[in-house]
Protein chains: 2
Amino acid sequence: MSRDKNLPLDQILVGDCIDLMNRLPERSVDLVFADPPYNLQLGGDLLRPNNSRVDGVDDAWDRFDDFASYDKFTREWLSAARRILKDDGALWVIGSYHNIFRVGSILQDLGYWMLNDVIWRKTNPMPNFRGRRFTNAHETLIWCARSKEQKRYTFNYEAMKALNEDQQMRSDWLLPLCTGSERLKDSAGKKVHPTQKPEALLYRVLLASTNPGEVVLDPFFGSGTTGAVARALGRRYIGLERDLAYAEAAQNRIAAVKPMTEADIVALRAKRTEPRVPFGTLVERGLLKPGEVLFDERRRWSARIRADGTLIAPLGRDLEGGRDGDGSQDGGVVGSIHSVGAAVQGAQACNGWTFWHVTRDGMSLPIDIFRQQIRAELAGE
Amino acid sequence: MSRDKNLPLDQILVGDCIDLMNRLPERSVDLVFADPPYNLQLGGDLLRPNNSRVDGVDDAWDRFDDFASYDKFTREWLSAARRILKDDGALWVIGSYHNIFRVGSILQDLGYWMLNDVIWRKTNPMPNFRGRRFTNAHETLIWCARSKEQKRYTFNYEAMKALNEDQQMRSDWLLPLCTGSERLKDSAGKKVHPTQKPEALLYRVLLASTNPGEVVLDPFFGSGTTGAVARALGRRYIGLERDLAYAEAAQNRIAAVKPMTEADIVALRAKRTEPRVPFGTLVERGLLKPGEVLFDERRRWSARIRADGTLIAPLGRDLEGGRDGDGSQDGGVVGSIHSVGAAVQGAQACNGWTFWHVTRDGMSLPIDIFRQQIRAELAGE
DNA sequence: TTGAGGGGTGAATCCGACG
DNA sequence: GCGTCGGATTCACCCCTCA
């Protein structure tokens with residue numbers, strides 16, 4: 001859980017994010033969430049330091065200069081972030097069409113491996129006042145692993161599915177802007193930060209791609225939404241922010257956050273982390289008996305249970321299965337519930353737990369219900 | 001209207017699109033729509049949960065050695081496209097996270113000026129079978145002008161607004177994949193092209209950013225969706241396609257398209273925003289009465305009209321609706337015709353005007369007919 | 001005719017623990 | 001690090017069959 005590295009956990013460090021990241025230990029952070037500045041230089045006239053206007057020398061070159069400096073900045077902070085990410089770490093960036101294409105390209109050039117681009121669809125975007133374009137109603141996030149080669153990354157599939165009415169979470173997220181009481185205001189009622197992100201956005205990001213106790217670093221901490229949500233969700237944060245006023249506002253904001261209880265946070269446990277139950281256990285415990293015959297749901301194939309927890313299936317199709325006598329070895333496929341299920345179907349793989357059924361009281365039941373029964377017993381102990 | 005330049009109008013040229021573009025006169029084309037290879041980097045096979053194989057895009061034209069070679073290709077075709085665009089021309093590109101960030105960056109480097117990035121949200125995307133990522137449920141389009149300095153570009157604001165319930169068209173478009181009878185199949189029933197785009201997508205693109213008679217060039221013509229929609233909408237097309245089989249299929253497809261009448265096209269183009277009619281107006285005018293019950297077309301859901309022009313629907317399904325007494329607040333969903341329609345269906349959005357029906361003389365009529373009636377009155381005044 | 005149900009399929013960077 | 005193998009994993013829509 002990364003308490004080893006002397007990380008400045010649950011703190012905001014004030015300074016240049018590239019410098020600060022370069023001083024942190026490498027491979028120490030689970031996630032980076034970044035909301036970098038958009039390339040604001042692209043707007044109006046380009047002025048020299050003495051305020052004279054750069055005149056039509058070569059617009060393309062000027063543009064290249066603008067983009068080049070933004071690209072250089074982007075390469076630097078993304079490189080620094082990659083150094084401090086753990087091998088199984090990941091990174092999120094958010095941006096708009098002004099900068100996200102530069103960021104995405106550079107990400108890929110640096111060896112990050114894209115997992116998804118995610119669209120934040122705004123319920124309440126600013127309209128296009130002049131009627132010259134489509135209402136710019138979304139922003140783009142990129143979710144990427146530290147590298148293509150890395151073994152694993154965190155994705156809490158079940159939690160995301162639960163958040164989305166028990167259907168897979170899609171790559172387009174409909175969320176309102178940060179307004180109302182969530183929006184930080186100063187004593188004069190002026191908004192503290194121009195681009196404060198909604199907590200719901202970070203909630204989804206952190207819930208999807210971190211586990212409780214893990215460390216998320218935000219190099220452009222701003223008003224501290226990342227920290228506030230991390231604290232609420234039982235994650236640790238490191239905030240980097242150049243502007244002291246922002247950092248102080250964020251600090252106060254986070255201090256007021258009440259963390260969720262551990263029970264609430266762990267509520268959704270992934271299926272794939274449930275304890276493994278060998279099929280043989282079902283036989284050992286007498287839930288299934290050696291010699292019993294299993295069928296697929298539509299009774300196209302059958303297989304007989306052997307005492308060691310393997311199955312044996314006849315070679316061709318077999319509509320009735322049994323009646324071979326008791327221990328006869330009639331030259332069939334032998335193996336695990338999975339491999340025999342795959343073999344009879346001629347498939348590459350098969351989940352034997354859901355494929356094979358057994359008859360009880362005239363009903364056809366998947367053998368997985370016996371596994372669930374054993375898991376329930378294990379959980380109760 | 002560009003009949004000056006000896007362009008190969010309404011034709012498909014077979015060959016390398018960069019060569020072909022370089023042979024066309026410069027500044028001769030109004031719009032470029034491009035659906036370049038995405039540079040997917042697929043590993044082995046992907047199996048569905050039922051063990052069937054996903055028919056992925058493994059065509060030679062989508063394989064590049066590395067990002068550098070993809071970038072070089074992208075720079076070349078985008079440069080060639082820019083040369084043949086008129087000074088007030090524009091370009092659309094579509095892509096996915098695999099390539100769109102490279103394309104977007106290079107666009108900007110070459111001097112194109114982004115107007116919007118547009119998200120095509122798919123109603124029916126392929127699920128993520130392994131549960132390892134978010135469902136990749138969208139693709140990204142970039143709409144850009146030839147240069148930042150250009151005076152004008154075409155944007156049919158009113159037509160877009162009319163297409164979107166009289167509200168500004170947003171940058172996220174919800175459209176289904178190209179399936180069913182629209183999808184080109186060969187005599188064996190196999191899809192002709194692996195990535196055929198839906199006509200509705202091109203319809204919106206061309207309606208938004210071209211005028212009748214203008215020329216749209218598609219350098220990756222494929223199955224010819226751009227040409228088919230251009231012909232239907234009274235635009236001219238130039239298709240460039242390397243693969244002769246694709247070109248022939250596209251040719252046949254386009255020949256079968258029946259162009260809309262000029263009157264229809266002009267109507268679309270000139271369509272003024274129709275006056276907004278609040279639902280409450282129908283109640284005010286007595287066309288509908290408070291307490292009346294609305295149904296969806298198939299009478300699966302119902303809602304009662306309240307005096308203020310909102311609806312109230314019972315929480316669960318309700319086949320008969322009424323008989324609650326007059327002003328009772330029996331704990332249902334309350335809101336606009338649109339929000340209640342969405343809520344009862346569990347949908348994110350709903351056009352209440354076409355969703356809700358009312359019974360008149362034993363017939364079920366959409367409430368939109370009353371809006372039309374009021375609009376007719378307003379137009380007559 | 002209509003409805004229920006089964007099968008097919010779409011631009012996809014789609015596994016990981018354990019020995 | 002690599003091979004083995006257990007076993008987890010899908011949504012909307014269209015078409016067809018059959019009752």
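We use all heavy atoms of the structure for the numbers below, so side chains are in, but hydrogens, waters and symmetry mates are not.
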Does the side chain to side chain contact (heavy atoms under 4.5 Å, CB included) test come out yes or no for B/I119 and B/W173, once each step is laid out?
CA-CA 6 Å; B/I119 303 305; B/W173 300 354; over 6 Å; no
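- Mapping heavy-atom proximity under 4.0 Å, the span of DNA chain C touched by chain B runs 5' to 3' from C/dT9 to C/dG16.
- Atom name C1', nucleotides D/dA12 and C/dT13: the rounded distance is 23 Å, in whole Å.
- Rounded to whole Å, the separation between the C1' atoms of D/dC15 and C/dA11 comes to 23 Å.
- Remark: the separation of the C1' atoms in D/dT10 and C/dG8 is 13 Å, to the nearest Å.
- The salt bridge (charged side-chain N to carboxylate O under 4.0 Å, His left out) test applied to B/E76 returns B/K72, not counting sequence neighbours.
- Counting only heavy atoms from C-beta on, B/N124 has its side chain closest to D/dA12 among D/dG6, D/dA12, D/dT10.
- Distance from the side chain of B/S181 is smallest for D/dC15 among the nucleotides D/dC15, D/dG1, D/dC14.
- The side-chain hydrogen bond (donor to acceptor under 3.5 Å, both in side chains) with B/K191 is formed by just one residue from the set B/D55, B/T179, B/D186; it is B/D55.
- Rounded to a whole angstrom, the distance from the C1' atom of D/dT17 to that of C/dT1 is 15 Å.
- Checking A/D368 against A/Q372 by side-chain atom types alone, a donor-acceptor pair falls below 3.5 Å.
- In this structure, a donor-acceptor pair under 3.5 Å is absent between the side chains of A/S364 and A/H357.
- Close to D/dG6, at under 4.0 Å from its OP1 or OP2, lies no side-chain N or O of A/H338.
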Both distances under 3.5 Å, Watson-Crick or G-U wobble: on that basis, could you give the dot-bracket string for DNA chain D, with [ ] for crossing pairs and | for other-strand partners?
.|||||....|||||||||
